[in-house]
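To start, the structure itself, in structure tokens.
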Amino acid sequence: MNTVRILQVVNYMDRGGLETMLMNYYRHIDRSKIQFDFLVHREKIADYEAEIQRFGGRIYRMPSLNPLSLSYHKKEMNFFQTHKYSVVHCHMDCMSAFPLFHAKSAGVPVRIAHSHNSSQNKDLKYPVKLLCKLLIPFSATHLLACSKDAGQFMFGNHHFQIMRNAIESKKFLFNPEVRAEIRKELGIQDEVVLGNVANFSLAKNHSFLLDIFFEYHKCNPQSRLLLVGDGSERENIKNKIRNLGLHKSVILTGVRSDVHRLLQAMDVFVFPSLFEGLPVTMVEAQAAGLPCVISDTVPNETDITDLVTRVSLKAPLQQWISAIDAASKTTRADQSVQIKRSGFDIDENAKWLENFYLKVSENE
């Protein structure tokens, strides 16, 4: 049996949520049957690229997606005409309309659109994005989403399937020895640690998270905030940390490959995102036994254990503080059985995706 090569179309392969999800599947899929290649839209070499190449994946580069650039459209059309793939899987949310259109024009038989968010940033590009998402069903042959909300936002009444943001649950099991080790590395002693793992983008709402921590810290001086990630809003967040006088109480780790260890150091996972698809970091946090205080805008499918407390983004800050206080008294426990029962363990999901790819490629 020949190996089926699937082209994954992404912005870049840094350690973000959808990229981590893709790598979770890539590590556990049978690569003698299914192989991933990647079409990225950045020149820089991203964090996961070395691992992709070790697995036998190929990486192709395009310029950043600009719908007004004739040069971009010409280059991508030429790519699909000269690289013959039977299956293209696109992860660029609303902007997937363009790679999918180019793939269709070049005769690619299976074209998968994948929704990873339940909304988009309300910036200057927002009207263009809304128009683009209406075009996706005309170029895609299959529609996938990480959650019901993400699918309904992107595809409306069109039929879509859920592909879970699955994880290797055993890797995240709570371990007191690892907790002590990583807290020592970070210079944390007896403080209560609030944590967050996310790209520094407007959607992740780090600025509001700092407002929450500022009020919490006033009542609980023996507390720290651990922020894992990087992104376009990092400098703005660093400036706000200084302005609030929190520079000695906030730890910025940057992008890390050991998120499973960092989660051990935390006491409460605080996640006030403006919108989400289904964040893989929320699955990881629950697998680590962490109580989670999250915004009411995160899809309900995120609540896979009883560790989740929801608070409205419109609620007074004191309501967030009270929820965090209560959550911080939670005793950490093994959640692996619950993760598997909820369908988020990677082994079964990787097998599902493998069979999905084989089926659609056979029916092309």
Side-chain angles (χ1 to χ4, degrees), residues 15-31 48 51 116 146-148 162-183 185-186 192-198 226 228-229 253 256-271 273 276-294 298-310 323-324 326-356:
R15 294 182 185 274
L18 81 85
E19 296 85 3
T20 297
M21 177 277 293
L22 266 178
M23 292 306 296
N24 285 340
Y25 277 93
Y26 195 17
R27 294 177 189 122
H28 289 83
I29 208 163
D30 185 343
R31 293 190 296 278
Y48 283 130
E51 185 177 3
H116 294 273
C146 62
S147 68
K148 184 178 178 181
I162 300 294
M163 176 176 157
R164 296 187 185 279
N165 288 353
I167 67 164
E168 187 179 350
S169 55
K170 293 178 182 177
K171 184 177 179 180
F172 293 87
L173 286 177
F174 178 61
N175 186 321
E177 293 180 2
V178 174
R179 174 180 168 84
E181 182 182 280
I182 192 68
R183 283 172 74 100
E185 287 178 21
L186 295 172
V192 175
V193 177
L194 312 188
N196 179 282
V197 181
L226 178 58
V228 183
T253 70
R256 296 279 292 252
S257 61
D258 59 344
V259 169
H260 59 290
R261 294 177 70 243
L262 292 166
L263 289 170
Q264 306 289 325
M266 301 175 189
D267 296 295
V268 184
F269 196 80
V270 186
F271 203 70
S273 293
E276 290 284 349
L278 198 149
V280 68
T281 52
M282 275 294 302
V283 182
E284 293 170 345
Q286 290 174 82
L290 264 178
C292 304
V293 179
I294 72 174
V298 179
N300 291 330
E301 294 108 306
T302 299
D303 303 8
I304 55 180
T305 69
D306 59 2
L307 293 169
V308 179
T309 301
R310 292 173 171 273
I324 292 168
S328 67
K329 299 173 175 61
T330 302
T331 301
R332 302 279 280 270
D334 182 350
Q335 299 290 331
S336 56
V337 172
Q338 189 59 40
I339 299 295
K340 287 185 178 181
R341 284 178 179 169
S342 300
F344 283 90
D345 189 70
I346 190 62
D347 291 326
E348 291 183 7
N349 284 280
K351 191 65 179 176
W352 176 88
L353 183 61
E354 179 185 311
N355 290 333
F356 173 79

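The chain is numbered in sequence order, starting from 1.
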### Message
Set out, in order, the CA-CA distance, both residues' side-chain angles and the distance that settles side chain to side chain contact (heavy atoms under 4.5 Å, CB included) for M282 and E276, then state yes or no.
### Response
CA-CA 11 Å; M282 275 294 302; E276 290 284 349; over 6 Å; no
### Task
Test I294 against F269 for side chain to side chain contact (heavy atoms under 4.5 Å, CB included), laying out the working first.
CA-CA 8 Å; I294 72 174; F269 196 80; 5.5 Å; no
### Message
One pair to check against side chain to side chain contact (heavy atoms under 4.5 Å, CB included): I304 and Q338. What are the steps and the verdict?
### Response
CA-CA 7 Å; I304 55 180; Q338 189 59 40; 5.6 Å; no
### Message
For L307 and L290: C-alpha separation, side-chain torsions, deciding distance, then whether side chain to side chain contact (heavy atoms under 4.5 Å, CB included) applies.
### Response
CA-CA 7 Å; L307 293 169; L290 264 178; 5.8 Å; no
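The number of heavy-atom neighbours closer than 6.0 Å to CZ of R341, taken from other residues, nucleotides and ligands shown, is 12 or below. Atom CD of E348 has 12 or fewer neighbouring heavy atoms from other residues, nucleotides or ligands inside a 6.0 Å radius.
Of all non-hydrogen atoms in V280 and G17, the two that sit nearest each other are CG1-O, 3.7 Å. The minimum heavy-atom distance linking R179 with A265 is given by the pair NH1-O, 3.5 Å. Across all their heavy atoms, G195 and M266 have their closest contact at CA-SD, 3.5 Å. Residues P299 and S147 approach most closely at CG-OG, 3.9 Å, considering heavy atoms. Of all heavy-atom pairs between I339 and V283, the closest is CD1-O, 4.2 Å. Closest approach of R27 to E51, counting heavy atoms only: NE-OE2, 2.7 Å.
By the 4.5 Å heavy-atom criterion applied to side chains, V197 and L262 are not counted as neighbours. At a threshold of 4.5 Å between non-hydrogen side-chain atoms, the residues V337 and K340 do not count as touching. In this structure the side chain of T309 never reaches within 4.5 angstrom of the side chain of P291, judged on heavy atoms.
Not one N or O on the side chain of E168 forms a donor-acceptor pair closer than 3.5 Å with the backbone of I346. Remark: the backbone N or O of R261 is not paired with any side-chain donor or acceptor of D258 at under 3.5 angstrom. Side-chain atoms of Q286 never come within 3.5 Å of backbone atoms of C292 as a donor-acceptor pair (strictly under, hydrogens ignored). At distances below 3.5 Å, not a single donor-acceptor pair connects side-chain atoms of N24 with backbone N or O atoms of I167. D334 places no side-chain N or O within donor-acceptor distance of the main-chain N or O of L173, the cut-off being under 3.5 Å. Side chain of E19 to main chain of Y48: no donor-acceptor pair is present (N/O by atom type, distance under 3.5 Å, no hydrogens or angles).
Between atom CD of residue E181 and atom CG of residue L186 there is a gap of 10.5 Å, rounded to the nearest 0.5 Å. Once rounded to the nearest 0.5 Å, the distance linking CZ of F344 with CG of N349 reads 8.0 Å. Interatomic distance, N165 CG to E284 CD, rounded to the nearest 0.5 Å: 9.5 Å. In this structure, L278 CG and N300 CG are separated by 10.0 Å, a value rounded to the nearest 0.5 Å. Atom OH of Y25 sits about 4.5 Å away from atom CE of M163, to the nearest 0.5 Å. To the nearest 0.5 angstrom, N355 atom CG is 9.0 Å from I29 atom CD1.
No option in K329, R183, R332 other than R183 meets the salt bridge (Lys or Arg N to Asp or Glu O under 4.0 Å) test with D267.
Side chains of Q335 and T305: no donor on one and acceptor on the other come within 3.5 Å.
Partners of K170 according to the side-chain hydrogen bond (donor to acceptor under 3.5 Å, both in side chains) rule, which considers only residues two or more places apart in sequence or in another chain, do not exist here.
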